[in-house]
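Only this structure's heavy atoms are used, side chains among them; waters, hydrogens and symmetry mates stay out. Throughout, a chain's letter reflects where its sequence line sits, starting with A, and its residues are numbered from 1.
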Protein chains: 2
Amino acid sequence: MPEEKVYRIGVEATMEVLGGKWKPIILCNLRHGSLRTSELKRQIPGISQKMLTQQLRDLEALNIVDRHVYNQVPPKVEYALSDYGQSLSPVLDSLCNWGEQHIQTLQAQGEAVTLNMD
Amino acid sequence: MPEEKVYRIGVEATMEVLGGKWKPIILCNLRHGSLRTSELKRQIPGISQKMLTQQLRDLEALNIVDRHVYNQVPPKVEYALSDYGQSLSPVLDSLCNWGEQHIQTLQAQGEAVTLNMD
DNA sequence: CCCAATAGGTACTAAAAGGTGCGTATGATA
DNA sequence: TATCATACGCACCTTTTAGTACCTATTGGG
């Protein structure tokens, strides 16, 4: 059982939660309140149903998001940052903010990038 | 040429810089000053020479790190956050700090994890 | 009776990321 | 003259991650 996990630096542990292509995007979209599956899909064009639920399952297992199933038909499921997940908010904010500034920097350098958050 | 890159949320752009298994770790290690290749390898046990230089090349191309080659034998190369890369420091700090707290949380839950930064 | 709407499961495939091993260069040093 | 130390590059292979296509359940409404 001394199957101990040893980290050398805090960010390693963070990236176990924020790793992968979709988790940071999903979490950033959940910063300001809960969203149902279909809303997340709308906010994240390009994600497949499979990836969305898969990543949400992971985050649920990590106690970062809560899943709330309404008993109705057609189904309704809402996802939100858990209490513990809320502690990530400042981190997510800083990631989003830096990205926004970065995009502006790239634009100022004449690169063809845009930020299109409806 | 309207090969325009469109982001829906800032974090997407951030993760193009911080994506992958090694970049966040490398960058966090560079927060407090430059390090040479061998020092980085020592700080990041588990990374291969290939991955280390590959990721450093990527970060150099993104203008996040500077590479300084000393003209001596045996070779000496130092890497440091570029001026632009410095703007990532608060982000990296927040990633590291959250991870450290997270590790403590896991420990408090009885999980076998440790943070071992010599 | 069948379909729309919503959430999600599964199998298979494709692509990206990462790991391993081996080779190179140079000059100082034993 | 052989060896070491340092920082690579390259070719090949394995693993991980992501994408695609198709299937299920439920029930109100036409």
Side-chain angles (χ1 to χ4, degrees), chain A residues 5 7-9 11-30 34-62 64-80, chain B residues 5 7-9 11-30 34-62 64-80:
Chain A
K5 176 111 196 157
Y7 299 98
R8 299 266 313 170
I9 192 169
V11 70
E12 284 182 55
T14 308
M15 295 317 284
E16 263 172 38
V17 169
L18 293 188
K21 180 171 175 180
W22 299 113
K23 291 203 189 78
I25 301 176
I26 291 170
L27 291 173
C28 280
N29 274 286
L30 290 177
S34 62
L35 293 174
R36 50 187 303 195
T37 313
S38 53
E39 292 170 321
L40 277 168
K41 273 199 284 197
R42 201 149 17 79
Q43 293 304 313
I44 313 176
I47 198 171
S48 63
Q49 170 75 52
K50 173 192 158 189
M51 277 298 125
L52 182 55
T53 47
Q54 187 173 99
Q55 301 304 303
L56 285 166
R57 291 283 176 286
D58 288 354
L59 292 168
E60 206 191 341
L62 290 165
I64 302 294
V65 306
D66 287 333
R67 178 162 179 265
H68 181 359
V69 181
Y70 293 80
N71 244 26
Q72 44 180 68
V73 167
K76 173 175 174 180
V77 180
E78 281 194 339
Y79 295 94
Chain B
K5 178 111 197 158
Y7 299 98
R8 300 265 314 169
I9 192 170
V11 70
E12 284 181 53
T14 308
M15 295 318 283
E16 263 172 37
V17 170
L18 293 189
K21 179 172 176 179
W22 300 112
K23 290 203 189 78
I25 301 176
I26 292 170
L27 291 174
C28 281
N29 274 285
L30 291 177
S34 61
L35 293 174
R36 50 187 303 196
T37 312
S38 52
E39 291 171 322
L40 277 168
K41 272 199 285 197
R42 204 153 11 82
Q43 293 304 313
I44 313 176
I47 198 171
S48 63
Q49 171 74 54
K50 173 193 160 187
M51 277 298 124
L52 181 56
T53 47
Q54 187 174 100
Q55 302 303 303
L56 285 166
R57 292 284 176 285
D58 287 354
L59 292 168
E60 207 190 343
L62 290 164
I64 303 294
V65 307
D66 287 332
R67 175 159 181 267
H68 181 358
V69 181
Y70 292 81
N71 243 26
Q72 43 179 71
V73 166
K76 173 176 175 181
V77 180
E78 279 195 341
Y79 295 94

Would one find a side-chain N or O of [X] under 4.0 angstrom from OP1 or OP2 of [N]?
X: B:Ser38; N: D:dA7; value: yes
X: B:Tyr79; N: D:dA7; value: no
X: B:Arg36; N: D:dA7; value: yes
X: A:Thr37; N: C:dG8; value: yes

Distance in angstrom units between [X] [atom1] and [N] [atom2], rounded:
X: B:Trp22; N: C:dA17; atom1: CH2; atom2: C1'; result: 12 Å
X: B:Lys76; N: C:dG27; atom1: NZ; atom2: C1'; result: 17 Å
X: B:Leu40; N: D:dA7; atom1: CG; atom2: C1'; result: 12 Å
X: B:Arg57; N: C:dG18; atom1: CZ; atom2: C1'; result: 17 Å
X: B:Asp58; N: D:dG9; atom1: CG; atom2: C1'; result: 15 Å
X: B:Gln54; N: C:dA17; atom1: CD; atom2: P; result: 9 Å
X: A:Lys50; N: D:dT20; atom1: NZ; atom2: P; result: 10 Å
X: A:Glu16; N: D:dT16; atom1: CD; atom2: P; result: 14 Å

Report task. Kindly indicate whether the side chain of B:Ile47, heavy atoms from C-beta on, has any atom under 4.5 Å from the side chain of B:Ile25. Result -> no
Requested in this report: Check whether any side-chain heavy atom of A:Val17 sits under 4.5 Å from a side-chain heavy atom of A:Lys23, and report yes or no.
Outcome: no
Query - Qualifying residue for side-chain contact (heavy atoms from CB on, under 4.5 Å) with A:Leu30, from A:Ile64, A:Asp66, A:Val65, A:Leu59 - result: A:Val65
Query raised in the report: Base, sugar-phosphate, or nothing: which does A:Ser48 touch, judged by heavy atoms less than 4.0 Å apart?
Result: base
Query raised in the report: What does B:Tyr70 touch in the nucleic acid at a heavy-atom separation under 4.0 angstrom: a base, only the sugar-phosphate, or nothing?
Result: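 The answer is nothing, as B:Tyr70 stays clear of every strand by at least 4.0 Å.
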Requested in this report: Using heavy atoms to find the nearest nucleotide of DNA chain D for A:Gln55 and B:Pro75 separately, return the residue whose nucleotide is more 5′.
Outcome: B:Pro75
Report summary line: Judged by nearest nucleotide, the residue sitting upstream toward the 5' end of DNA chain D, B:Leu56 or B:Val73, is B:Val73
Query raised in the report: For A:Arg36, does its backbone N or O pair with a side-chain atom of A:Glu39 as donor and acceptor, under 3.5 Å?
Result: yes
Query raised in the report: A:Arg8 and B:Arg42: which non-hydrogen atoms are nearest, and at how many Å?
Result: NH2-O, 3.8 Å
**Report entry** B:Pro74 side chain, from C-beta outward: closest of D:dG19, C:dG9, D:dA5
**Finding:**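 Of the options given, the side chain of B:Pro74 lies nearest D:dA5.
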